[in-house]
Amino acid sequence: MELATPHMDSRRRTRAILLMLTAVALFAVMDTLLKMLSGHYPPMQVATLRGLSSLPLVLTWAIATAGVMPLLRVRWSLHLLRGVLGIAMMASFIYALKSLPLSTTYSIFFVAPLMITALSVPFLGEKVGPRRWTAIGIGLVGVLVVLRPTGEGVLSMAGLMVLVAALAYAISAITVRLLAKTDSVQAMMVWLLALMAIGAGALSAHEWVPVQREHWWLIAALGVAGALGQYAITLAFKIGEASLIAPLEYTALVWGVCLDLAIWGVLPDNVTWIGAAIIVASGLYLLKREKVHAEAEHP
């Protein structure tokens, strides 16, 4: 057996970082395409197109790498719950994207990691110390700064829908921790997309709008970006330490600002920047404290 060397570890870390940066960029492209489609189709229909467009690619990869049986021997109750949460998250997020800039949407959505830590207490029985609770509280203050409920901020239905999407994402992340003990990554990816396509498709049937010919390339690009992004982030977390690569998710804000400026000609105002900085700083501190906590439990 070949022993790991510092050089090999360095290469693995570099590869994990590059994969995570690639995944974030691909998801930013995916969100841009969702925003473009949201101006022409109802949120539930766009959520359906999101699931359908990536499902063939992900299903092909899943069968090629794991076979069919691991996709069928799963904990159906948790997958169904995750499917419902996925539909709620995607539809809420798309609703928000229709009227909010990408950068503002990302700034609010960054509260999700804080929610995951808070929810791990009642759902997983994990212990969260006073420092991490303080970080969560400060992060929520950052959300209020972005929303500006007492001024002309983004405390609108769109802003609230981002919070709904973040909460659904956080609960879904908790279910992933439970499913990971018994089910394969392939099964989790396939059934999330399949249930999203089926569920959102049924809910959008009454208001379905025929897809325009000029939008088919957007849908195809959506499927490719979503599938490749999911594969890249899965591989990044597989080969790299979470404490190293998780903070790179915040580079989505850079992509959001650049894409907002390039496509829609808008930039965040100063108050949004301040709120985003508070949320990101809280998230980074929380990740640091979780690493210290994990090292203390498993020296």
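Just the heavy atoms: all of them, side chains too, but no hydrogens, waters or symmetry mates, feed the values below.
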Looking at every non-hydrogen atom in both residues, tell me the closest pair between [X] and [Y] and how far apart they are.
X	Y	result
Y95	M161	CD2-CG, 3.4 Å
A197	T48	O-CG2, 3.6 Å
A158	S99	CB-OG, 3.2 Å
D183	M188	O-CE, 4.2 Å
A170	A112	CB-O, 4.0 Å
L71	L59	CD1-CD1, 4.0 Å

Are [X] and [Y] side-chain neighbours, meaning at least one heavy-atom pair lies under 4.5 Å?
X	Y	answer
W76	W191	yes
V280	L284	yes
V209	P42	yes
I136	S282	no
M189	W61	yes
V143	L147	yes
F110	E249	no
V121	K127	no

How many angstroms lie between [atom1] in [X] and [atom2] in [Y], if you round to the nearest 0.5 Å?
X	Y	atom1	atom2	value
L19	Y231	CG	OH	8.0 Å
L203	M44	CG	CE	5.0 Å
S107	L253	OG	CG	5.0 Å
K98	L37	NZ	CG	12.0 Å
L267	L261	CG	CG	4.5 Å
L222	S53	CG	OG	4.0 Å

Judged by atom type as modelled, is there a donor-acceptor pair below 3.5 Å linking the side chain of [X] to the main-chain atoms of [Y]?
X	Y	result
S172	A168	no
S92	M89	no
T104	L100	no
R75	L178	yes
T272	P268	no
W217	E214	yes
K35	L97	yes
S103	V257	no

Please tell me whether [X] and [Y] are part of a single hydrophobic cluster in this structure, the criterion being side-chain heavy atoms less than 4.5 Å apart.
X	Y	result
V58	L228	no
V224	L33	no
I63	L52	no
I116	L163	yes
L102	V254	no

Taking distance alone, no hydrogens or angles, what donor-acceptor pairs closer than 3.5 Å link side-chain atoms of residues 20-31 to residues at least two apart or in another chain?
| from | atom 1 | to | atom 2 | distance (Å) |
| --- | --- | --- | --- | --- |
| T22 | OG1 | L18 | O | 2.7 |
| D31 | OD2 | Y106 | OH | 2.6 |

Report, as yes or no, whether the 6.0 Å neighbourhood of atom CH2 on W216 holds more than 12 heavy atoms from other residues, nucleotides or ligands. no

Assess whether atom OH of Y169 is packed by more than 12 heavy atoms of other residues, nucleotides or ligands within 6.0 Å.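 At most 12 heavy atoms, drawn from other residues, nucleotides or ligands, come within 6.0 Å of this atom.
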
Distance alone, cut at 3.5 Å: any donor-acceptor contact between the side chains of S54 and Q230? no

Quick one about S120 and E126 (side-chain donor to acceptor, distance below 3.5 Å, no hydrogens or angles considered), yes or no? yes

When you look at L235 and I239, which way does the side chain to side chain contact (heavy atoms under 4.5 Å, CB included) test go after all the steps? CA-CA 6 Å; L235 190 56; I239 68 174; 4.2 Å; yes

Begin from the C-alpha positions of V271 and V146 and carry the test side chain to side chain contact (heavy atoms under 4.5 Å, CB included) through to its verdict. CA-CA 7 Å; V271 178; V146 177; over 6 Å; no

Walk me through whether I219 and V211 qualify under side chain to side chain contact (heavy atoms under 4.5 Å, CB included). CA-CA 10 Å; I219 297 170; V211 178; 3.6 Å; yes

Run R50 and M196 through side chain to side chain contact (heavy atoms under 4.5 Å, CB included) and show every step you take. CA-CA 8 Å; R50 159 71 184 108; M196 185 188 301; 4.0 Å; yes

As a test of understanding, state which of L167, L124, L114 forms a side chain to side chain contact (heavy atoms under 4.5 Å, CB included) with L119. L167

